[in-house]
Q: 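Structure provided below as structure tokens; questions to follow.
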Amino acid sequence: MSLILISSFKLVLKMDNLIEPRYSIAIMPPKSGIDYVNELKNSLCTAINWFNSKNSKAHVTISEFVADDDEIEKIINQLKDLSSYEKPFHVNFEGVSSYKNGAVFITPDGNSKIALKQLMLNIQKGLKIKNVNHSKDPHMSIGRKLSEDNVATALKMFADVKLNFDCVGLVLRKFNPDIKVRQYEVLNHDFKFLGNEPKPNLQQSLF
């Protein structure tokens with residue numbers, strides 16, 4: 001019996017090691033913006049009780065992916081390079097909207113949405129990642145998987161929400177699977193927008 005238990009334990013360890021870490025590339029507001037969105041989430045929690053994304057810090061997702069230790073080091077270098085070509089810009093978020101899946105989020109205004117979409121496209125096109133999901137619509141989630149009634153409550157509560165900040169860089173987050181956490185946490189924020197001139201590619205250099 002002890003041999004069976006030992007073998008089973010080794011099998012569990014092996015299976016755990018096969019689960020690759022999950023990462024997220026995102027834009028995050030400064031602490032004042034994070035605190036502001038936390039206040040919104042706390043207000044909603046008081047009104048409807050706990051909900052998905054209640055404890056997630058304010059962010060705009062660009063991409064989510066899985067990677068092993070070797071891959072993540074390469075991706076970090078890619079992100080440092082890609083972000084160095086971007087220029088800081090100001091973003092305005094005004095009001096809230098929702099998706100059919102029950103997500104409620106703060107929406108960027110027209111000009112900010114255009115700027116964020118272009119940034120997302122630049123980063124996504126430049127990344128060399130195998131197992132990745134790219135976000136297409138920039139937004140800042142308040143809650144996810146809400147019922148229709150709770151979506152209506154959130155939309156009414158936050159109709160006049162406003163948040164603006166300077167977008168000056170990216171963050172790399174890593175998912176913490178601990179049952180007490182189960183959230184993405186900032187792993188690296190050394191991806192500043194420096195406005196450097198992009199390097200010409202090989203085809204361009206031939207002409």
Q: Heavy atoms only: give me the nearest Gln78-Gly126 pair and the separation to one decimal.
A: OE1-O, 3.9 Å

Q: Under 4.5 Å between side-chain heavy atoms, hopping through other hydrophobics if needed: is there a path connecting Val132 to Ile72?
A: yes

Q: Mind checking whether Phe175 and Leu172 sit in one hydrophobic cluster, side chains of I, L, V, M, F, W, Y counted as touching below 4.5 Å?
A: no

Q: Do Ser97 side-chain atoms and Thr107 backbone N/O form a donor-acceptor pair below 3.5 Å?
A: no

Q: Do side-chain atoms of Ser43 reach the backbone of Glu39 as a donor and acceptor pair under 3.5 angstrom?
A: yes

Q: Might you point out which heavy atoms bring Pro138 and Leu116 nearest each other, and give the distance in Å?
A: CB-CB, 3.8 Å

Q: Would you find a donor on one side and an acceptor on the other, under 3.5 Å apart, between the side chain of Gln124 and the backbone of Ser135?
A: yes

Q: Under 6.0 Å from the CG atom of Asp166, do we count more than 12 heavy atoms belonging to anything else shown?
A: yes

Q: To the closest 0.5 Å, what do you measure between CG (Asn52) and CZ (Arg182)?
A: 10.5 Å

Q: Look up atom SG in Cys167 and atom CD1 in Ile27, then write down how far apart they are to the nearest 0.5 Å.
A: 4.0 Å

Q: Side chains of Asp137 and Tyr99: is there a donor and an acceptor less than 3.5 Å apart?
A: yes

Q: Membership question, hydrophobic clusters at under 4.5 Å side-chain separation (ILVMFWY): are Met120 and Tyr85 in the same one?
A: no

Q: Apply side chain to side chain contact (heavy atoms under 4.5 Å, CB included) to Arg22 and Glu64, showing your working.
A: CA-CA 7 Å; Arg22 292 160 54 190; Glu64 293 181 347; 5.7 Å; no

Q: For Asp160, does the CG atom have more than 12 heavy-atom neighbours from other residues, nucleotides or ligands under 6.0 Å away?
A: no

Q: Strictly by modelled atom types, are Lys41 and Asn55 linked by a side-chain donor-acceptor pair under 3.5 Å?
A: no

Q: How many angstroms lie between CG in Asn196 and CG in Asp81, if you round to the nearest 0.5 Å?
A: 9.0 Å

Q: Can you check whether Tyr23 reaches Val66 side chain to side chain, under 4.5 Å on heavy atoms?
A: no

Q: When you look at NE2 of His189, are more than 12 heavy atoms from neighbouring residues, nucleotides or ligands closer to it than 6.0 Å?
A: no

Q: Checking side chain to side chain contact (heavy atoms under 4.5 Å, CB included) for the pair Ile62/His134: CA distance, chi angles, key distance, verdict?
A: CA-CA 6 Å; Ile62 294 178; His134 294 312; 5.8 Å; no

Q: Test side chain to side chain contact (heavy atoms under 4.5 Å, CB included) on Asn150 and Phe51 and set out the steps.
A: CA-CA 10 Å; Asn150 288 342; Phe51 53 88; over 6 Å; no

Q: For a quick test of reading the model, state the closest non-hydrogen atom pair linking Leu44 to Ala154 and the distance between them.
A: CD1-CB, 3.9 Å

Q: State the CG-OG distance between Leu155 and Ser98, to the nearest 0.5 angstrom.
A: 5.0 Å

Q: Do Asn77 and Glu73 have a side chain donor and acceptor closer than 3.5 Å?
A: no

Q: Give the cluster check for Ile142 versus Met28: same hydrophobic cluster or not, with ILVMFWY residues linked at side-chain heavy-atom distances below 4.5 Å.
A: no

Q: Answer whether the closest heavy-atom distance between the side chains of Lys130 and Glu71 falls below 4.5 Å.
A: yes

Q: Any non-hydrogen side-chain atom of Leu79 less than 4.5 Å from a side-chain atom of Leu127?
A: yes

Q: Which pair of non-hydrogen atoms, one from Ser53 and one from Gly143, has the smallest distance, and what is that distance?
A: CB-CA, 4.2 Å

Q: Above 12 or not: heavy atoms from other molecules or residues under 6.0 Å from NZ of Lys192?
A: yes

Q: Take Leu146 and Ile48 through the side chain to side chain contact (heavy atoms under 4.5 Å, CB included) test and state the conclusion after the steps.
A: CA-CA 10 Å; Leu146 303 182; Ile48 68 172; 4.1 Å; yes

Q: Working to the nearest 0.5 angstrom, can you tell me the gap between Asn164 CG and His90 NE2?
A: 4.0 Å

Q: Side chain of Ser83, backbone of Gly169: donor and acceptor closer than 3.5 Å?
A: no

Q: Does a side-chain N-to-carboxylate-O contact under 4.0 Å join Asp35 and Lys31?
A: yes

Q: Quick check for you: to the nearest 0.5 Å, what is the distance between Leu170 atom CG and Glu86 atom CD?
A: 8.0 Å

Q: Looking only at heavy atoms, what is the nearest atom pair of His59 and Ser56, with distance?
A: CE1-OG, 3.3 Å

Q: Decide yes or no for Thr61 and Arg173: does some side-chain heavy atom of the first lie under 4.5 Å from some side-chain heavy atom of the second?
A: yes

Q: Verify whether one side chain among Glu185 and Asn176 offers a donor that lies under 3.5 Å from an acceptor in the other.
A: yes

Q: Looking only at non-hydrogen atoms, find the nearest pair between Met140 and Ala58 and report the distance.
A: SD-CB, 3.8 Å

Q: Given side chains that start at C-beta, do those of Val91 and Pro108 come closer than 4.5 Å, heavy atoms only?
A: no

Q: For residues Ile34 and Leu163: do they belong to one hydrophobic cluster (side chain heavy atoms under 4.5 Å, members Ile, Leu, Val, Met, Phe, Trp, Tyr)?
A: no

Q: Do the rings of Phe193 and Phe89 sit parallel, tilted or perpendicular, given the 30° and 60° boundaries?
A: parallel

Q: Applying side-chain hydrogen bond (donor to acceptor under 3.5 Å, both in side chains) to Lys54 and Asn42, what does each step give before you reach the verdict?
A: CA-CA 8 Å; Lys54 161 65 174 63; Asn42 288 335; 3.0 Å; yes

Q: What class does the angle between the rings of Phe93 and Phe165 fall in, given that below 30° is parallel, 30 to 60° is tilted and above 60° is perpendicular?
A: parallel

